[in-house]
**Q** 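Below is the structure I would like to discuss, written out as structure tokens.
Values below: all heavy atoms of this structure, side chains included; hydrogens, waters and symmetry mates excluded. Just so you know, ligand 1 is whichever comes first in the structure, and atom 1 is the first atom listed for that ligand.
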Amino acid sequence: MTAAGLRDSHGRVMKDLRVSITDRCNFRCLYCLPETEEAARFYRAKFDALRNPKPVALTPIRYEWKPKEHLLTYEEIERLVRIAAGLGVEKVRVTGGEPLLRHGVPELLVKLAAIAGIRDLAMTTNGFLFARHAEALRAAGLRRVSFSMDSLDPVNFKKMTGREGLAEVLAGIAQAKQLGFSPVKVNAVVIRGLNDHEIEALAAFAREHDLSLRFIEFMPLDSGHAWQKEMVVSGREILGRLRARFDLVPVDQSGNPAETARRWAFADGRGEVGIIAPVTEPFCGHCNRLRLTADGKLRTCLFSVEEHDLKPLLRGDATDDDIAAELVGLVAHKEAGHRIGRPISSSRRAR
Ligand code: SAM
Ligand code: SF4
């Protein structure tokens, strides 16, 4: 490893790499890949039309997925992660799109788990396909998994994800617990007027099933540009609601300042809740993350305006040292922080 590793000009050292392995998804979350133009505007247009009754035709959104040959191969991902590990990256999270849509994910996990220096390998999934792959993922070296589940009500789940998949996601969570994945995390994005009435029920579910639940503030990442400040339920408000209902004790996080969630355990034992508040309480000052898109572009911030294409290096004749030097140079220019709520903010998601 080079002495400085991946240090940026603000003194932050990169330890965490999020690797997207596909841009495709089997869900159509309103805030991420909405199914229709109307869903992209959270059905506001439909409601307007209901007030002013005229027939409403829902307008499907066509996504142009990246051609397969543009996606990094598992060998290319392995090489890049090995180079990053040589520069001090310790944590890898496999994500997407929906990562379990890509074939042979266990094969990739075996490669990543074997890389010297990678001490934490995790995955974020919508959970729909998890149960059927769980044993193979576990055998391949996956130990930690985060499920995304914004609602426990089948009707609301469908409204938010565009799919009837709650039973499958719940089965995936149960299977992860049974196979000993630890911790099993559940992420819930909270959006005012959509699922904020479920905050207490989601927390009770975490307590009952011994899960680490993370409430996430709604961020302006939606391609439909529906995000409005008013739809964000602040971490502070979420915590107030939780405290009114549950006896919570703070978890000691002094050993890990880069952790994005503020965490509380239930005083009576099982499970915990955490709050990730990037909008109202940005944690950019401690950010140690990098992101790699499925087609090999490095993003130094979730809200980066610029992406840096590493594929020409990976597919050209660059040596590992050349690629390492490129990573060091790109990280040096990592943004100081995001600009959510300020006039110009990129709202493109890294996939
Ligand atoms: N498909 C997988 C899943 O849903 O878990 C992995 C990719 S998904 C983009 C990763 C996470 O980003 C999910 O937990 C999702 O809820 C979260 N996310 C997506 N759009 C968001 C937004 N606008 N604000 C906050 N979180 C968001
Ligand atoms: Fe798919 Fe995850 Fe985006 Fe939902 S949040 S549409 S599950 S990628």
Side-chain angles (χ1 to χ4, degrees), residues 18-36 39-42 61 63 65-66 93-102 105 122-130 133 144-151 157-166 168-169 172-173 176 184-192 194-196 198 202 211-229 231-235 238 260-261 274-283 289 291-294 299 302-303 338 340-341 345-351:
R18 315 246 140 173
V19 180
S20 171
I21 60 172
T22 178
D23 56 335
R24 292 166 196 249
C25 192
N26 47 353
F27 280 12
R28 288 291 177 273
C29 299
L30 288 174
Y31 51 74
C32 181
L33 288 170
E35 182 105 72
T36 60
R41 282 176 277 132
F42 293 7
I61 298 178
Y63 291 98
W65 309 116
K66 291 164 183 164
R93 178 171 292 275
V94 173
T95 180
E98 172 46 43
L100 292 176
L101 284 185
R102 186 148 169 190
V105 180
M123 173 181 284
T124 302
T125 171
N126 64 29
F128 187 82
L129 298 170
F130 186 83
H133 295 296
R144 299 205 305 120
V145 61
S146 299
F147 292 87
S148 302
M149 186 180 70
D150 302 332
S151 173
F157 184 94
K158 162 104 198 283
K159 183 170 174 190
M160 293 190 72
T161 63
R163 296 289 181 269
E164 276 161 7
L166 179 60
E168 287 81 354
V169 177
I173 292 172
V184 176
K185 285 193 193 169
V186 175
N187 296 331
V189 179
V190 183
I191 302 180
R192 194 177 302 285
L194 275 175
N195 65 341
D196 53 329
E198 295 198 54
L202 284 160
L211 302 165
S212 294
L213 179 70
R214 300 284 181 258
F215 290 106
I216 306 178
E217 283 181 351
F218 177 35
M219 294 182 275
L221 296 166
D222 56 309
S223 48
H225 304 286
W227 186 88
Q228 290 175 350
K229 253 192 195 154
M231 290 176 155
V232 177
V233 182
S234 71
I238 296 170
T260 51
I275 294 177
I276 303 181
V279 178
T280 62
E281 299 165 54
F283 34 78
R289 293 181 181 182
R291 291 167 197 274
L292 184 66
T293 65
R299 301 187 109 206
L302 183 55
F303 295 92
H338 68 62
I340 299 176
S345 117
S346 161
S347 58
R348 279 182 312 140
R349 158 169 308 290
R351 279 199 199 93

**Q** Using distance alone, determine whether S146 and ligand 1 share an N or O pair under 3.5 Å.
**A**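 Looking only at distances, the answer is no, because the N/O contact criterion of under 3.5 Å is not met.
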**Q** Please confirm whether the backbone N or O of F27 pairs with a side-chain atom of E98, one donor and one acceptor, at under 3.5 Å?
**A**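 Absent.
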**Q** When you measure from the heavy atoms of G97 to every atom of ligand 1, does any distance fall below 4.0 Å?
**A** yes
**Q** Hey, does the side chain of R102 reach the backbone of I21 with a donor-acceptor pair shorter than 3.5 angstrom?
**A**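 Yes; at least one donor-acceptor contact below 3.5 Å.
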**Q** Indicate, as side chain, backbone, both or neither, the part of C29 found under 4.0 angstrom from ligand 2 when only non-hydrogen atoms are considered.
**A** both
**Q** Need the ligand 1 atom indices (1-based, order shown) with element for anything under 4.0 Å from a heavy-atom of T95.
**A**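 Those atoms are 6 (C), 7 (C).
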**Q** Counting only heavy atoms not in E281, do more than 12 sit closer than 6.0 Å to its CD atom?
**A**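 Enclosed.
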**Q** For N26, is there any backbone N or O sitting under 3.5 Å from a side-chain donor or acceptor partner on R163?
**A** yes
**Q** Should T124 and S148 be marked as a side chain to side chain contact (heavy atoms under 4.5 Å, CB included) after you check the CA-CA gap, both sets of side-chain angles, and the distance that decides it?
**A** CA-CA 7 Å; T124 302; S148 302; 4.0 Å; yes
**Q** For ligand 1, find out whether one of its N or O atoms is nearer than 3.5 Å to an N or O atom of M219.
**A** yes
**Q** Minimum heavy-atom separation for V169 and F157, please, with both atom names.
**A** CG2-CZ, 3.9 Å
**Q** Within the 4.0 Å heavy-atom shell around C25, which atoms of ligand 2 are there?
**A** 1 (Fe), 6 (S), 7 (S), 8 (S)
**Q** Check the pair M219, Y31 against side chain to side chain contact (heavy atoms under 4.5 Å, CB included), reporting the backbone distance first and the verdict last.
**A** CA-CA 9 Å; M219 294 182 275; Y31 51 74; over 6 Å; no
**Q** Roughly how far, to the nearest 0.5 Å, is CD1 of I191 from OG of S151?
**A** 11.5 Å
**Q** Check ligand 2 against G97 and write out every atom of the ligand that is under 4.0 Å from a heavy-atom position of the residue.
**A** 8 (S)
**Q** Using a 4.0 Å cutoff against the non-hydrogen atoms of N187, which atoms of ligand 1 qualify?
**A** 14 (O)
**Q** Numbering the atoms of ligand 1 from 1, which are under 4.0 Å from a heavy atom of L221?
**A**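 This gives 21 (C), 22 (C), 23 (N) as the contact atoms.
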**Q** Below 4.0 angstrom from a heavy atom of V189, which ligand 1 atoms are there? Numbered from 1 as shown, please.
**A** 16 (O), 25 (C), 26 (N), 27 (C)
**Q** Report, in ascending order of atom number, the atoms of ligand 1 lying under 4.0 Å from any heavy atom of F218.
**A**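 Result: 23 (N), 24 (N).
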**Q** Quick one: look at T124 and ligand 1, take heavy-atom pairs under 4.0 Å, and tell me if it's side chain, backbone, both or neither.
**A** both
**Q** Would you kindly say whether Y63 and D23 are connected by a side-chain donor-acceptor distance under 3.5 Å?
**A**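 No, no side-chain donor-acceptor contact under 3.5 Å.
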**Q** Using a 4.0 Å heavy-atom threshold (strictly under), name the region of D150 that reaches ligand 1: side chain, backbone, both or neither.
**A**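 Looking at D150 and ligand 1, no heavy atom falls under 4.0 Å.
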